**Q** 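Here it is, the structure, as structure tokens.
All values reported here derive from a predicted model rather than from experimental measurement.
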Amino acid sequence: MHYYQFHIGDYKSHTHHLSLMEDLAYRRLLDFYFLHEQPIKHRDIARQIGMREHEEDVMTVLNEFFISTADGFVSPRADKEIKQYKEFSEAGKRGAAKRWSTPPNGEAISPPNATPIATNNHKPITNNQEKKTLGKRLASDFSFPREWEDFCQQTRPELSPVKTFDQFKDYWIAQAGQKGVKLDWFATWRNWVRSTNAPKQNPYDVVRLTVASKNEPDPALEKIKADALKAAPIPLEVLAKMAELRRKA
């Protein structure tokens, strides 16, 4: 589609909470979606809409106003309008062709390839409005799922999964209003992990976060034992000197 109607009032009522960059991202994502008439792939979408340096804002809008599927992010309302547009276009072409095939004294209204009238007003909607029973906030007692941790370790091994999750949880719990409501929190987590602003892993956390299995010794304890065996005993003269100092104290 190269044209769709834009209802200013409806748009403003649903997007007044967006920041300047988020609002720009949503408008460009809508244009991209209507122009290509297909799901939006996450890969490189920020660059394709000219917002390479604002990928986080782009992903925030995608998660709020679009639905993540196996084929990419989709907009049910936009898909409905695209479908109506195509049906209206085909009906208009058939009607025009029929009129143009009338006798010479018949009145033709428009040529067969005339541009059809635009679709209904576009009303931006959120996942909450489309499926009110699915969108929800992140619970304050939400624990770190193993699936989430595995994704973080496989996708960004240089990150600390626990610290990254703590930052993610604190950020989204603090979000007020519609921005803190998501349809798919796992998808939101995946986008968060892919961002470049997540905390990097402390090397010492590897030991603290590693739990040995029941049949294997703890690597940290084994290292302590090995270091103790390598340590040289204190010479007798040093021990005698220490005893003398204690007596004088």
Side-chain angles (χ1 to χ4, degrees), residues 1-7 10-11 14-15 18 21-90 116 118-138 145-156 164 168 172 175 178-196 198:
M1 290 175 59
H2 295 277
Y3 175 86
Y4 62 91
Q5 290 190 7
F6 184 79
H7 197 289
D10 289 334
Y11 181 88
H14 292 91
T15 61
L18 298 181
M21 286 297 104
E22 290 172 348
D23 183 84
L24 177 61
Y26 186 41
R27 291 300 307 273
R28 292 191 177 185
L29 286 170
L30 280 178
D31 292 345
F32 184 93
Y33 196 93
F34 277 104
L35 181 63
H36 296 278
E37 300 182 10
Q38 62 184 8
I40 295 176
K41 304 293 184 181
H42 166 266
R43 183 178 181 181
D44 215 25
I45 182 58
R47 184 188 66 81
Q48 293 183 52
I49 63 173
M51 300 188 68
R52 187 200 310 263
E53 298 178 359
H54 302 279
E55 183 177 2
E56 184 176 352
D57 295 318
V58 174
M59 297 313 304
T60 296
V61 172
L62 274 176
N63 280 303
E64 183 174 356
F65 292 94
F66 294 77
I67 296 177
S68 178
T69 68
D71 297 326
F73 287 89
V74 300
S75 170
R77 179 53 183 266
D79 288 339
K80 181 179 179 181
E81 292 195 12
I82 291 173
K83 180 180 178 181
Q84 291 176 344
Y85 176 89
K86 291 181 177 179
E87 292 175 350
F88 191 93
S89 176
E90 291 301 319
T119 60
N120 294 331
N121 292 342
H122 175 71
K123 298 180 180 179
I125 59 172
T126 63
N127 293 338
N128 248 24
Q129 294 169 307
E130 186 67 22
K131 297 183 178 181
K132 294 183 179 179
T133 59
L134 297 181
K136 59 183 180 180
R137 299 184 61 85
L138 190 67
R146 182 57 184 269
E147 183 182 14
W148 291 29
E149 181 179 358
D150 292 343
F151 176 82
C152 182
Q153 292 176 338
Q154 295 171 8
T155 306
R156 297 289 299 278
T164 306
F168 172 88
W172 286 112
Q175 293 301 319
Q178 188 64 34
K179 187 174 182 179
V181 177
K182 302 297 177 186
L183 177 68
D184 188 342
W185 278 110
F186 187 28
T188 306
W189 165 253
R190 294 196 300 268
N191 294 330
W192 182 278
V193 170
R194 295 186 186 104
S195 71
T196 58

**Q** Heavy atoms only: give me the nearest Arg156-Val193 pair and the separation to one decimal.
**A**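 The answer is NH1-O, 2.9 Å.
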**Q** I would like to know whether Glu64 and Leu183 meet side-chain contact (heavy atoms from CB on, under 4.5 Å); could you show each step before the answer?
**A** CA-CA 8 Å; Glu64 183 174 356; Leu183 177 68; over 6 Å; no
**Q** Minimum heavy-atom separation for Ala78 to Phe34, with atom names?
**A**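 Closest pair (atom of Ala78, atom of Phe34, distance): CB-CZ, 3.8 Å.
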**Q** What are the two closest non-hydrogen atoms of Pro76 and Ile67, and how far apart are they?
**A**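 That would be CG-CD1, 3.7 Å.
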**Q** Can you confirm whether Trp189 sits close enough to Leu138 that some side-chain heavy atom of one is under 4.5 Å from a side-chain heavy atom of the other?
**A**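 When only atoms from C-beta onward are counted, Leu138 and Trp189 do not touch, as no gap falls below 4.5 Å.
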**Q** Measuring only between side-chain heavy atoms, which start at C-beta, is Val58 closer than 4.5 Å to Met21?
**A**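 A side-chain contact is absent here, since even the closest heavy-atom pair is not under 4.5 Å.
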**Q** Within the side chain of Arg137, is there an N or O that forms a donor-acceptor pair under 3.5 Å with the backbone of Gln175?
**A**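 Yes, because the side chain of Arg137 sits within donor-acceptor range (under 3.5 Å) of the backbone of Gln175.
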**Q** Is a side-chain N or O of Thr15 found less than 3.5 angstrom from the main chain of Leu18, in a donor-acceptor match?
**A**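 Checking the backbone N and O of Leu18 against the side chain of Thr15, no donor-acceptor pair under 3.5 Å is found.
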**Q** Using the side chain to side chain donor-acceptor pair (under 3.5 Å) criterion, which residues pair with Asp57? Sequence neighbours excluded.
**A**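 Partners of Asp57 by the side chain to side chain donor-acceptor pair (under 3.5 Å) criterion come out as none, since no residue qualifies.
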**Q** Decide whether a cation-pi geometry holds between Arg27 and Tyr11; the criteria are a distance under 6.0 Å from NZ or CZ to the six-membered ring centre and an angle within 45° of the ring axis.
**A**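 The answer is yes, since Arg27 meets both limits relative to Tyr11.
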**Q** Closest approach of Val181 and Gly135, non-hydrogen atoms and distance?
**A**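 Closest approach of Val181 to Gly135: CG1-C, 3.7 Å.
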**Q** Mind checking whether Met59 and Arg194 have side chains closer than 4.5 Å, heavy atoms only?
**A**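 Not in contact.
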**Q** Distance from Asp71 atom CG to Gln38 atom CD, nearest 0.5 Å?
**A**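 If we round to the nearest 0.5 Å, Asp71:CG and Gln38:CD are 10.0 Å apart.
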**Q** So for atom CZ, which belongs to Arg52, do other residues, nucleotides or ligands contribute more than 12 heavy atoms lying within a distance under 6.0 Å?
**A**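 No, not enclosed.
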**Q** Under a 4.5 Å cut-off applied to non-hydrogen side-chain atoms, are Thr188 and Trp172 in contact?
**A**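 Touching, per the 4.5 Å side-chain cut-off.
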**Q** Do Asn191 and Asn63 have side chains that approach each other closer than 4.5 Å (heavy atoms only, starting at C-beta)?
**A**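 Asn191 vs Asn63: side chains touch.
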**Q** Is the shortest side-chain heavy-atom distance between Lys182 and Lys136 below 4.5 Å?
**A**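 The answer is no, as the side chains (C-beta and beyond) never meet within the 4.5 Å cut-off.
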**Q** Taking the inter-plane angle between the rings of Phe65 and Tyr26 on a 0 to 90° scale, is it parallel (under 30°), tilted (30 to 60°) or perpendicular (over 60°)?
**A**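 Rings of Phe65 and Tyr26: parallel, under 30°.
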**Q** By ring pair (Phe, Tyr, Trp, His ring centres under 6.0 Å), which residues pair with Phe73, not counting sequence neighbours?
**A**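 Result, ring pair (Phe, Tyr, Trp, His ring centres under 6.0 Å) vs Phe73: none returned.
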**Q** Dump the intermediate steps for side-chain contact (heavy atoms from CB on, under 4.5 Å) on His54 and Glu22, then the final yes or no.
**A** CA-CA 9 Å; His54 302 279; Glu22 290 172 348; over 6 Å; no
**Q** Output all residues satisfying side chain to side chain donor-acceptor pair (under 3.5 Å) with Arg47, sequence neighbours left out; order by chain, then residue number.
**A**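 Arg47: side chain to side chain donor-acceptor pair (under 3.5 Å) contacts with Asp44.
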**Q** Using modelled atom types and a 3.5 Å cut-off, is there a donor and acceptor pairing between side-chain atoms of Tyr33 and backbone atoms of Ser75?
**A**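 Flag set: sc Tyr33 to bb Ser75 pair under 3.5 Å.
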**Q** With sequence neighbours excluded, tell me which residues meet salt bridge (Lys or Arg N to Asp or Glu O under 4.0 Å) with Lys80.
**A**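 For Lys80 there are no salt bridge (Lys or Arg N to Asp or Glu O under 4.0 Å) partners, ignoring immediate neighbours.
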**Q** With a 4.5 Å limit on heavy-atom distance, are the side chains of Leu62 and Ile45 in contact?
**A**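 Counting from C-beta outward, Leu62 and Ile45 do come under 4.5 Å.
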**Q** So do the side chains of Met51 and Leu24 get within less than 4.5 Å of each other, counting heavy atoms only?
**A**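 Counting from C-beta outward, Met51 and Leu24 do come under 4.5 Å.
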**Q** Return a table of donor-acceptor pairs under 3.5 angstrom between the side chains of residues 146-155 and protein atoms on other chains or two or more places apart.
**A**
from   : atom 1 : to     : atom 2 : distance (Å)
Arg146 : NE     : Asp150 : OD1    : 3.1
Glu149 : OE2    : Gln153 : NE2    : 3.4
Thr155 : OG1    : Phe151 : O      : 2.8

**Q** Please list, chain by chain and in numerical order, all residues satisfying salt bridge (Lys or Arg N to Asp or Glu O under 4.0 Å) with Glu55, sequence neighbours excluded.
**A**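 Expected list: none.
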